[in-house]
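This is a predicted model, so every value here is computed, not measured. Residue numbers begin at 1 in each chain, while the letters A, B, ... track the order of the sequences.
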Amino acid sequence: MDEQPRLMHSHTGVGMAGHPGLPQHMQEGTGGTDGDGRKQDIGDILQQIMTITDQSLDEAQARKHALNCHRMKPALFNVLCEIKEKTVLSIRGAQEEEPPDPQLMRLDNMLLAEGVSGPEKGGGSAAAAAAAAASGGAGADNSAEHSDYRAKLSQIRQIYHTELEKYEQACNEFTTHVMNLLREQSRTRPISPKEIERMVNIIHRKFSSIQMQLKQSTCEAVMILRSRFLDARRKRRNFNKQATEILNEYFYSHLSNPYPSEEAKEELAKKCAITVAQVSNWFGNKRIRYKKNIGKFQEEANMYAARTAVNAANASSHGSQANSPSTPNSAGETGSPCQKVLKEKE
DNA sequence: ACGAATGATTCATC
DNA sequence: GATGAATCATTCGT
């Protein structure tokens, strides 16, 4: 059964010299009494093929076997090959390689960036880490938000992966099924490997469009989660008193130039248990608010200036004592803070 | 409940 | 990219 002609690439040389649509070996006996018999045979075969789907499975199986063994079957197969060759030519080139879908690429990139489709990282993600860094990471109160965010994200991630796996499995199953079907059918109708390949491509395209929907909804879910998380991030917490004092001490002891260097910011951030960005924010706000209403801040300024002066005095009286906490690396500027403050105010 | 204080964000400017 | 200015959103004190 398997040695009979199968795939059409082995039939490309079939001649069509005589009657169009019929191979030579089917036209040899025209005119004779045998001709009518053959026509009858072909009619029978076609009829059987047409009705094969109406039959029960067992019956169809038996009929298929009978068809395969029919003496006219190779001839009919060749005819089908010829016709197919012509139609395939017209189909060929109609569907060429298409470039990767930009939207799909966007979705893929985003899922990767959000840590949904990337390698497993124990529930954490680049996005979560970035968000954590941006949100200040000050204290334990927002770590609860982070774990909530991470839990939700990994939930999304899990759903995404199980769904994706299901799709892939279904796609593979379906592809295998179709390929088997086509291979099976290639016994009775001409199917080239290229056609099977094309069919597989079509199936994959269909499935990837379904996948795209999954990716899209996953992206939406992540965006919603993210926006909620960002909203939560906006819930600000006041710095603790100690941190505010450290920042104020630095500010008023550097009132003539309240622009901490990057190193100073890092130092302050470390002392206050906040981020450098928060230090920058604080100084930005402080400068503008101080400038806007110097009078209002006068009392505060005097208080911190006095405190700094006392610290400086203590430091000098104790000789090689450690630096004052407010002025880690700018002892020169703390000479007369009170005067400076007053000068600034005028 | 209200207004002030305050940390964060956004936009323009240099 | 850092900063100023305006603004938003929340917290705090009353």
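Not less than 6.0 angstrom separates the ring centroid of Y304(A) from the ring centroid of F251(A).
One finds no side-chain N or O of K291(A) lying less than 4.0 angstrom from the OP1 or OP2 phosphate oxygen of dA6(C). At dG7(B), none of the side-chain N or O atoms of Q278(A) fall inside 4.0 Å of OP1 or OP2 (strictly under the cut-off). OP1 and OP2 of dT6(B) both lie 4.0 Å or more from every side-chain N or O belonging to N238(A).
The CZ atom of R237(A) sits 16 Å away from the C1' atom of dA5(B) (whole-angstrom rounding). We find that CD1 of I288(A) is positioned 13 Å from P of dT3(C), with the value rounded to whole Å. Separating the CD atom of E300(A) from the C1' atom of dT6(B) is a distance of 12 Å, rounded to the nearest angstrom.
Closest to the side chain of K296(A), out of dA5(B), dT11(C), dT9(B), is dA5(B). With dT9(B), dG7(B), dA6(C) as the candidates, the nucleotide lying closest to the side chain of W282(A) is dG7(B).
Among residues two or more places apart in sequence or in another chain, the side-chain contact (heavy atoms from CB on, under 4.5 Å) test is passed with M303(A) by R307(A).
Going from atom CG of L164(A) over to atom OG1 of T218(A) covers 8.5 Å, rounded to the nearest 0.5 Å.
In the interface, the side chain of R289(A) is paired with the base of dG7(B) through a donor and an acceptor atom under 3.5 Å apart.
A salt bridge links E300(A) to K286(A): at least one charged side-chain nitrogen sits closer than 4.0 Å to a carboxylate oxygen.
Note on K286(A): nothing from the nucleic acid sits closer than 4.0 angstrom, heavy atoms only.
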